[in-house]
Amino acid sequence: MNQTISAIRFYCKHVLHHPAENQYIRPKKQTKLPNVMSEKEVAQLLKSVTNLKHKTILFLTYSAGLCVGEVVRLRYSDLDIDRQTLILRDNLRIGILPSVACKRFLKKLDNAQAL
């Protein structure tokens with residue numbers, strides 16, 4: 001729609017050599033809602049993953065309600081396991097680290113140290 005309005009304005013101004021007197025109202029973009037997985041779909045996804053590292057990342061993502069970008073930028077220093085919180089530096093907020101994700105993270109950390 002914006003392309004059509006711009007084409008009409010260009011035609012009036014450069015071909016007909018008279019500026020368009022009408023102000024065209026450009027339509028607003030529609031906001032799309034994100035696709036949200038159901039609880040069954042999330043449970044099925046978590047059960048299907050066998051790699052402990054990937055499972056830990058998915059548990060952290062879904063249990064703490066984080067975006068992919070927030071999870072990717074997390075560092076070990078951002079996690080406070082004693083208080084069960086995590087610091088999201090880019091968004092300048094502190095999130096809650098659910099006990100399920102905390103247990104998974106500690107399990108992953110123990111496996112990494114055993115190697």
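Treat the numbers as computed from the prediction; the structure is a model and nothing was measured.
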Can you tell me if Leu52 has over 12 outside heavy atoms packed within less than 6.0 Å of its CG?
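Yes, CG of Leu52 has more than 12 neighbouring heavy atoms, counting only those of other groups under 6.0 Å.
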Just wondering, more than 12 heavy atoms not from Glu41 lying within 6.0 Å of its CD?
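Above 12, so yes.
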Nearest heavy atoms of [X] and [Y], plus distance in Å:
X	Y	answer
Ser63	Pro98	O-CG, 3.2 Å
Lys55	Leu46	CE-O, 3.0 Å
Arg73	Asp78	O-OD2, 4.0 Å

Close side-chain approach of [X] and [Y], heavy atoms under 4.5 Å:
X	Y	result
Gln84	Ile96	no
Asp80	Leu86	no
Arg93	Glu70	yes
Leu74	Ile87	no

How would you list, by chain and number, every residue that makes a side chain to side chain donor-acceptor pair (under 3.5 Å) with Arg75, sequence neighbours excluded?
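Residues passing side chain to side chain donor-acceptor pair (under 3.5 Å) with Arg75: none at all.
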Of all residues at least two apart in sequence or in a different chain, which pass the side chain to side chain donor-acceptor pair (under 3.5 Å) check with Ser6?
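In terms of side chain to side chain donor-acceptor pair (under 3.5 Å), with neighbours along the sequence ignored, Ser6 is linked to Arg26.
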Does Ile81 share a hydrophobic cluster with Leu60, counting links as ILVMFWY side-chain heavy atoms below 4.5 Å and allowing steps through other members?
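Yes: a chain of side-chain contacts under 4.5 Å links Ile81 to Leu60.
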Find out if a path of hydrophobic residues (ILVMFWY) with successive side-chain heavy-atom gaps under 4.5 Å connects Ile8 to Tyr11.
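The answer is no; the residues belong to distinct hydrophobic clusters.
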Derivation and outcome, side chain to side chain contact (heavy atoms under 4.5 Å, CB included), residues Leu88 and Leu66:
CA-CA 9 Å; Leu88 303 168; Leu66 301 177; 3.7 Å; yes
